[in-house]
There are 2 protein chains.
Amino acid sequence: MLDEIDRVLVTRLQGDATQSYATLGEAVGLSAGSAHERVRKLRERGVIRRTTIDVDPASVSRGVLAFVMLGADAWMGDAATRDALTAIPEIQEAHIIAGTASALVKVRTATTEDLQALLRRLFAIDGVTSTQTIVVLESFFERPIDVDPGR
Amino acid sequence: MLDEIDRVLVTRLQGDATQSYATLGEAVGLSAGSAHERVRKLRERGVIRRTTIDVDPASVSRGVLAFVMLGADAWMGDAATRDALTAIPEIQEAHIIAGTASALVKVRTATTEDLQALLRRLFAIDGVTSTQTIVVLESFFERPIDVDPGR
DNA sequence: GCTGAAAATTCCCTTGA
DNA sequence: TCAAGGGAATTTTCAGC
């Protein structure tokens with residue numbers, strides 16, 4: 001379990017992972033060294049999986065966002081399906097789901113034409129029998145997981 | 001537009017934003033100073049929006065993932081709806097969509113009971129007339145946007 | 001968890017292609 | 001316009017307590 005200090009550290013790092021441990025420590029009433037030790041342990045425990053950057057999709061030709069639900073006539077939770085989906089770079093997320101469809105993928109393409117080409121590729125995957133595409137008109141927000149600091 | 005070097009830098013930072021500029025520069029055949037200057041400009045231009053950490057959802061009591069499609073009898077792309085969705089911490093993403101539903105939200109809760117409570121809150125939002133919930137059984141992957149280095 | 005010091009890195013500025 | 005180089009200032013990192 002995380003204590004209050006851990007949660008504050010995680011929340012602050014989600015907002016800006018470039019800040020110094022001195023700044024971080026000051027925010028939670030610890031020395032830089034102790035803050036560093038806390039964060040090191042959070043990484044070690046796998047709570048913090050990695051430090052990464054947030055890229056603006058439009059800047060890298062990924063301005064079109066859509067979610068595609070895949071229907072299938074076979075179980076899609078196997079390694080072959082996973083590999084097939086992993087090999088498609090436009091797919092940002094892939095999930096096996098409960099309900100009428102079998103899988104849900106989040107995709108980003110440069111244009112709607114590219115989206116169409118992508119759907120063709122998805123249809124070609126073994127077991128896929130249908131697709132239902134949800135095109136995003138506007139994203140209100142995409143934000144880090146809330147870790148409840150101060151609750 | 002990004003050139004080849006920029007794309008490699010971005011891809012490497014997506015994988016690990018803690019590496020030094022010396023390491024980064026070596027990977028693209030630049031000095032540490034020049035690599036730093038490149039990255040600084042990518043931030044300035046907004047290509048890199050921020051440096052952040054990836055948190056393991058299960059470690060922070062967000063082990064249940066679901067997507068909820070919201071049907072509505074009024075336009076949901078307004079500020080009031082945005083504010084209402086923003087105020088719910090379990091919502092990680094909120095999008096206005098084309099098609100039969102009006103909005104799609106990605107939510108993470110600790111338990112399915114919490115998911116149920118969340119659905120109640122979503123129903124209470126002005127204009128919302130229906131919800132369709134897609135529960136994720138297994139996530140194959142959630143990865144950074146592909147920026148096509150070397151293509 | 002703190003302090004303090006050594007090592008490494010960042011970051012700015014100047015020069016040059 | 002872009003990269004290299006120098007060097008000061010900051011930050012990280014690792015002792016010992």
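Letters go in sequence order (proteins before strands), and every chain restarts at 1.
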For atom CZ of A:R38 and atom P of D:dT13, their distance in whole Å: 18 Å

Identify whether the distance between the nearest side-chain nitrogen and carboxylate oxygen of A:R43 and A:E37 falls below 4.0 Å. no

Report yes if at least one side-chain N or O of A:H36 is closer than 4.0 Å to OP1 or OP2 of D:dT12; otherwise report no. no

Please state how far atom CD in A:E37 lies from atom P in D:dT13, giving the value in whole angstrom units. 11 Å

Which one, C:dC2, D:dT12, C:dC11, comes nearest to the side chain of A:Y21? D:dT12

Are OP1 or OP2 of D:dA3 and a side-chain N or O of B:S34 less than 4.0 angstrom apart? no

When you check the gap from the basic side-chain N to the acidic O, do A:D146 and B:R62 get nearer than 4.0 Å? yes

Separation of B:L30 atom CG from D:dC2 atom C1', in whole Å? 9 Å

Closest listed nucleotide, where the reference is the side chain of B:S31 and the choices are C:dC2, D:dA4, D:dC2: D:dA4

B:D6/B:R38 salt bridge by N-O under 4.0 Å criterion: yes

Rounding to a whole Å, what distance do you find between A:K41:NZ and D:dT13:P? 16 Å

Under 4.0 Å between any heavy atoms, over every strand shown, what does A:S20 touch: base, sugar-phosphate, or nothing? Just pick one. sugar-phosphate

Do B:K106 and A:E93 have side chains that get closer than 4.5 Å, going by heavy atoms? yes

Round to the nearest Å and state the distance from B:D6 atom CG to D:dT1 atom C1'. 13 Å

How many Å lie between CD on A:Q19 and P on D:dT12, as a whole number? 10 Å

How would you label the contact of B:R40 with the nucleic acid (heavy atoms, under 4.0 Å): base, sugar-phosphate, or nothing? nothing

